[in-house]
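Here the structure is laid out as structure tokens; the discussion comes afterwards.
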Number of protein chains: 2
Amino acid sequence: MRPTVHHVAEEAGVSLATVDRVLNRRPGVRAKTVTRVNEAIAKLGYVRDISAANLAKQRVYNLVFIIPEGPNSFMLGLESELGQAKLYSALERINLDILKVRAFDSDALANVLDGLDLTQISGVALVATESHRVQGALARLRQANIPVVTLVSDVSAAHRDHYVGIDNVAAGRTAASLMGRFVGHKPGKIALLAGSMLVRDHVERRIGFEQVISAEFPELDCLTVQEGRDDAMVTRSVLADFLGREPGIVGLYSIGAGNRGVIDVLTSKPEYGSIAVVAHELTEHSKRALREGVFDAVINQDAGHEVRSAIRLLKASIDETQVIAKQEIIRIEIYIRDNLP
Amino acid sequence: MRPTVHHVAEEAGVSLATVDRVLNRRPGVRAKTVTRVNEAIAKLGYVRDISAANLAKQRVYNLVFIIPEGPNSFMLGLESELGQAKLYSALERINLDILKVRAFDSDALANVLDGLDLTQISGVALVATESHRVQGALARLRQANIPVVTLVSDVSAAHRDHYVGIDNVAAGRTAASLMGRFVGHKPGKIALLAGSMLVRDHVERRIGFEQVISAEFPELDCLTVQEGRDDAMVTRSVLADFLGREPGIVGLYSIGAGNRGVIDVLTSKPEYGSIAVVAHELTEHSKRALREGVFDAVINQDAGHEVRSAIRLLKASIDETQVIAKQEIIRIEIYIRDNLP
DNA sequence: CAAAAATTGCTTTACGTACCTCAGTAACCT
DNA sequence: AGGTTACTGAGGTACGTAAAGCAATTTTTG
């Protein structure tokens, strides 16, 4: 039998009300008594029964997720995972509100953050674009004791409680190792294609990528980064242009989203078939590209895992409970044709 | 506000007791009334409050995990994850019992299964070795309405409710694709090292591996499978012998456990440094081997994820609730030096 | 030392579900 | 019609915790 508050009260020689005050940090208990109660808790190994507490509290967790709008598949995937999560989390008294802001627009993000009614909100998760205004808005949230989790794209550690996402430098390094091996120590040029060099995660991936290429595959030469704004149309024209201009390209690293455009260009000319391609984010398009041999590897972070992890972390912060650290690590997943889920 | 049993009772025009009888499948309700109640449930979108139900039920879930003993790192990892899970799951009224049987011994497994007191058990997870006796024992469990989940190694689908683990044929294919690319289309021989060809998962991995090698890398030649019994000592002598005997080996696929032995042999002679190595299971040893360039890639299944998934699946079976399907898919993880967790 | 303030105890109600008893009603069969 | 069976209702207690009000006690303060 697990000990209950009653046992704790008895053990500490105080009343149930006092135990309750201690447990819920309510005022009106002498420090000495608090200690006695805590000792009793430790001695009995008392752990609060979450089911019962939730029942009594009638608490609802109002979690706000802020994600960029725009038609790129990864964010659409994130949104659909959020929709899924919304269904299941209703069973656990969790309310998910999903807000969208313009991509790459930190002012819009700051506006949304400033507009939140802090009395109605128990936790916030956001895909961050960093700026002073955003930092200020986050500081205000944390001052109000509202936990903040960054998703996919981080801000500096001082402005959030957790980051849920991958180490993008390591992701870039991973891409480079794969690229180097797929090309197979033949000299040649590598094309880099990002969404925007203003986004921290893309910058970091590039850094990691070039680190490894220059250190371990010096026969490969990284060209200037092209920007496709994470948009299939833009990507298509930028990349078609670039490949036409630059002869001797043996590899392509697609750092951001907009895979559809990349696939279109690569399948447009047979001679592009020999280019080794490493891209990011597993979507229906990139899966197909892997199956058909257009892409050689895709680096992915699991959006569903990220959403669930963010929810667990926010809830744990609110309840002041522990999380299983290992479960919250987001993997840098490598997919090739053969290990697709 | 979420609807409660009271609302359902009112909506259906019956008493609370009747709703309760319907919900908990107790006898003594006319079919017509059952329908009325179910319609009310559907109309209101009533969902049982799990917290409250657990509290009232005072139910404890007694889950039994049966895993092979033996000193290989993967199983030790599984065990440690089970230990972890045991701590956390106590909070959710889940009791984990961990039983060990001799590895590769289906009779011992059947004995353990037959020895279970079915009245005391709510669910079973096991690392299966298949045999008629095991099948019979599993059938008995399922007849007693006890959900069965296989872990890491499967039996035929008729004898369990779920399989928690990876598709081992696909894992073998993945290993082969990586191997072929790492070797880089130079002709040569590939050494295969398994634990035992009596274990289904090892057989399947080999099949997948040879499929891809023969179809896409015909310049590579797979040699006879060597068996190391998933034991570092045995592996060491078997492999050292084999590599000494066979010249021209360019790649090694280590299908099972016993990585320590593999690493010892590979680092024993400098000329082995050029062999491309793909192994299974991420452990401290294999991580170090990746960092130091002894291994080129490791295929992994996340033991922690598997344990948590098995628990969730068993609990969902017992409670007759839904699971989030995507969350329960065990990935075929690829690790290289750069994406180690 | 008395008054004020702080601390503690006692008791009750509530959360939503499970499960029990007992009484009552309806339907069915002979 | 009478009896039997099958269903249904009413009401209660329980689970462990939260949260409140108010009384009683102790401690602090002037």
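Below, all heavy atoms of this structure are taken into account, side chains as well, without hydrogens, waters or symmetry copies. Quick caveat: nothing in here was measured; it's all calculated off a predicted structure.
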Pair up each side-chain donor or acceptor in residues 41-48 of chain B with any protein partner under 3.5 Å, not counting sequence neighbours, and list the distances.
from: B:K43; atom 1: NZ; to: B:E11; atom 2: OE2; distance (Å): 2.9
from: B:R48; atom 1: NH1; to: B:N24; atom 2: OD1; distance (Å): 3.1
from: B:R48; atom 1: NH2; to: B:L23; atom 2: O; distance (Å): 3.2

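- As rounded to whole Å, 11 Å separates atom C1' of D:dT26 from atom NZ of A:K32.
- Surrounding CZ of A:R102 are at most 12 heavy atoms belonging to other residues, nucleotides or ligands under 6.0 Å away.
- Between the CG atom of B:L16 and the P atom of C:dT21 there is a distance of 18 Å, given to the nearest Å.
- A close approach under 4.0 Å does not occur between any side-chain nitrogen or oxygen of A:R26 and OP1 or OP2 of D:dA20.
- Contact annotation for A:A53: backbone-only contact, meaning every heavy-atom pair under 4.0 Å involves sugar-phosphate atoms and none involves a base.
- With respect to A:R331 and A:D302, no salt bridge is recorded, no charged nitrogen being found less than 4.0 Å from a carboxylate O.
- Counting to the nearest Å, the C1' atom of C:dC15 and the CZ atom of B:R2 are 12 Å from each other.
- Put simply, A:R21 has no side-chain N or O that comes within less than 4.0 Å of OP1 or OP2 on C:dT7.
- A:Q135 and A:E130 share a side-chain donor-acceptor pair at under 3.5 Å.
- Mapped onto DNA chain C by nearest heavy atom, B:N24 and A:T33 fall at different nucleotides, with A:T33 at the one closer to the 5' end.
- B:R59 has its CZ atom 14 Å from the C1' atom of C:dC19, to the nearest Å.
- Nearest-nucleotide positions on DNA chain D for A:L23 and A:R30 put A:L23 closer to the 5' end.
- In this structure a side-chain-to-backbone donor-acceptor pair under 3.5 Å is missing from A:S89 to A:E92.
- For the pair A:Q58 CD and D:dG16 P, the computed distance is 19 Å after rounding to whole Å.
- For A:I50 and D:dA18, the CD1 to P distance is 11 Å, given to the nearest whole Å.
- Regarding contacts with the backbone of D:dG16, every side-chain N or O of A:T4 stays at 4.0 angstrom or more from both OP1 and OP2.
- Regarding A:L55, its CG atom lies at a distance of 17 Å from the P atom of C:dT13, rounded to whole Å.
- The NZ-P distance, from B:K57 to D:dG16, rounds to 15 Å in whole Å.
- Taking 4.0 angstrom as the limit, A:T18 places a side-chain polar atom (N or O) nearer than this to OP1 or OP2 of C:dG9.
- A:D20 comes within 4.0 angstrom of a base, heavy atoms only.
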